[in-house]
Protein chains: 2
Amino acid sequence: MRMQDIARRLGISAMTVSRALKSDSSVAPTTRAAVLKAIEELGYVPNQIAGSLSSRRSGFAAVLVPSLNNPHFSETVLALGSALQARGMQLLIGNTEYDRRKEAELVRALLARKPEAIILTSDGHDPRILPMLAKAKIPVVEIWDLPARPIQHVVGFSNRIAMRGLIAALIAQGYSRITYLGEADDADTRGASRRLGYCEAMAAAGLGPRLCSIGRPPATMSDGERGLDTVLSAFPDTELVACVSDPLAFGVIAACQRRGWVVPDRLAVSGFGDFEIARIGVPAITTVQIDAGQIGREAGGIIGEAFDALRDLPLAPVIRPVPALPCLRASTMIAR
Amino acid sequence: MRMQDIARRLGISAMTVSRALKSDSSVAPTTRAAVLKAIEELGYVPNQIAGSLSSRRSGFAAVLVPSLNNPHFSETVLALGSALQARGMQLLIGNTEYDRRKEAELVRALLARKPEAIILTSDGHDPRILPMLAKAKIPVVEIWDLPARPIQHVVGFSNRIAMRGLIAALIAQGYSRITYLGEADDADTRGASRRLGYCEAMAAAGLGPRLCSIGRPPATMSDGERGLDTVLSAFPDTELVACVSDPLAFGVIAACQRRGWVVPDRLAVSGFGDFEIARIGVPAITTVQIDAGQIGREAGGIIGEAFDALRDLPLAPVIRPVPALPCLRASTMIAR
DNA sequence: CTGTTAGCGCGTTCAC
DNA sequence: GTGAACGCGCTAACAG
């Protein structure tokens, strides 16, 4: 069924049907009512593929995340979706699974569908995507980090500085034998930035780095449970395990509890991200607080601005930092 | 840039360029190489909107889930995506946020983009989507439940029977004062099915239902933490709290631990779904095991079969049950 | 193996 | 307020 069919049925032209479906165009109220009624009765669904080809507007933006199974990214995606919906756009989600090659393939596949904007979660990108993005001439927003060389717009925070701040705060609490537990194979990722921040904070206090890694990203609770052994064999005198993320920290804590160890008395543990489990788990987990929803909202706002600006000249690159502050909780609160 | 531009540059026709991009069509190897080289150099990205309009194949399937922030659904979506990718199709994800009206709007919006299949997470559907789906003439798969009146294909399990089985097993362990904790406003949802299963198991043992509800779906860890008070004020003699999901159960356990109560000695707790937290948390949580990935793979398989069958006549509706069995763990293991 | 023709179903643009 | 002609960029179907 096409617009033509609706039109013929009412003795009008397809163009009038098309206009009746856009709320802003001028159609006689009675005509519009008749059109909408016919559409309802016949169960007609417009073909947006044809519409997009003709109007050169696909009506959607694409977002790439490394994982859906992560409350942070899903919250960001949710907020982004709402922000874009307010501008009449849908959000198409792509999952890179922490794989740069997959990201590059996805970018290519998605650009073929002509998104009107694209949001990338900062991690090292395949260099081949840069010319593709440039040619697409659409707003690009990188989120969840502050990359050294941004592609265009950015909404995020420095994972390095955030982790450095957390470790500095823990050192100020009196900890010194702090061992870092992160993912393996994390070159050019947010995880690597966090590890660097840890190293910097340790160095600033005259302490050497104590690094352990386990599993490929994303770091899971199970990785954490196995990670405790890794940490203890490498650095048996560890006082505090600084984990790359909250779920990993939760796994370490669970492993301690299985051994009958009290956290933080026997061993302290910190995470990153302020996931729900960091607040609810017992003990509550010391972490870095991030507002994942805010990142999505800000990104949506920038895309909106970019659309408005496009009429004249492209919006100058926007770098929008969001807060990422240490939050000390029971998992590192020992009486000294 | 269009195919025409590539073609002119090489002194061939656009059609040959088009064919060179499809691996199965017959083009001279040298021609194809030249085309691919030119495309690479110029950074040409085909316009799939035009391609879809012409070929009447959009190249994607749509999946609707109630929430992305749920490891189960994200795992299902991941497996489904892989299964479809093997058939050269992309997956478009829609988030209904446990809202039937939103689901209906999404179905309409997605059908306008002509998906080649649609996967719905079973929950009560808005009746208006049925005619829309029927007219679309595409495979429809409902997942994560066994609906009484399936739309077409189904991959799932009976949430009612699964919960009934779990409660029966717990009753067999010696529990009788079992209180159910689920979401409010869960009419026609998987949550309601689970509650019904609980009631049936209790009735079968000659016990009356003890029902509590808190929060709207999805049930979160925070809901669980608050839920303990709700349960105890309504049923102070509760021995075991049967929760609609694992995160809710984890919240209840955390609340117990904050009170200094030992689970399961002072109060036992069960969940549903076998989330990672149910295995890793201490104590491990008694639950119902579901293989979320299997649901995605099976759904992808059915869609594949439906495509193959379409040449002749549509595939007869497939109802594919997946296992959902009780798994008793420490959170309900008391010495009696 | 390659080219030509003719749409796919809409929206833009103009005319009325 | 409404209609007609045209084209968006690609591919199916056929011809060669």
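Only heavy atoms go into these numbers, but all of them, side chains included; no hydrogens, no water, no symmetry mates. The chains referred to below are lettered A, B, ... by the order of the sequence lines, with proteins before strands, and numbering in each begins at 1.
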Asker: How close or far is atom P of C/dC8 from atom CD of A/Q4, stated in whole angstroms?
Answerer: 11 Å
Asker: Between D/dT2, C/dG9, D/dA12, which nucleotide has the shortest distance from any of its atoms to the side chain of A/R2?
Answerer: C/dG9
Asker: Start at the 5' end of DNA chain C and walk down; is the nucleotide closest to B/T30 or to B/S55 reached first?
Answerer: B/T30
Asker: Which whole-number value in Å describes the distance from A/L53 CG to D/dT11 P?
Answerer: 12 Å
Asker: So for A/R56 and D/dG9, does any side-chain atom that can act as donor or acceptor lie under 3.5 Å from a complementary atom in the base?
Answerer: no
Asker: Starting the side chain at C-beta, find the nucleotide from C/dG9, D/dC10, C/dT4 nearest to A/N47.
Answerer: C/dG9
Asker: Which nucleotide sits closest to the side chain of A/I12: C/dG11, C/dG9, D/dG3?
Answerer: D/dG3
Asker: State whether B/S54 places a side-chain N or O below 4.0 Å from either non-bridging phosphate oxygen (OP1 or OP2) of D/dA12.
Answerer: no
Asker: D/dG1 P sits how many Å from A/K22 NZ, rounded?
Answerer: 18 Å
Asker: Got a second to check how far B/W144's CH2 is from B/I295's CD1, nearest 0.5 Å?
Answerer: 4.5 Å
Asker: Do A/R87 and A/E116 pass the side chain to side chain contact (heavy atoms under 4.5 Å, CB included) test, and can you show the C-alpha distance, the side-chain angles, and the key distance before you say yes or no?
Answerer: CA-CA 12 Å; A/R87 300 194 70 100; A/E116 301 183 36; over 6 Å; no
Asker: Please determine whether any donor N or O and acceptor N or O are separated by less than 3.5 Å between the side chain of A/R19 and the base of D/dG3.
Answerer: yes
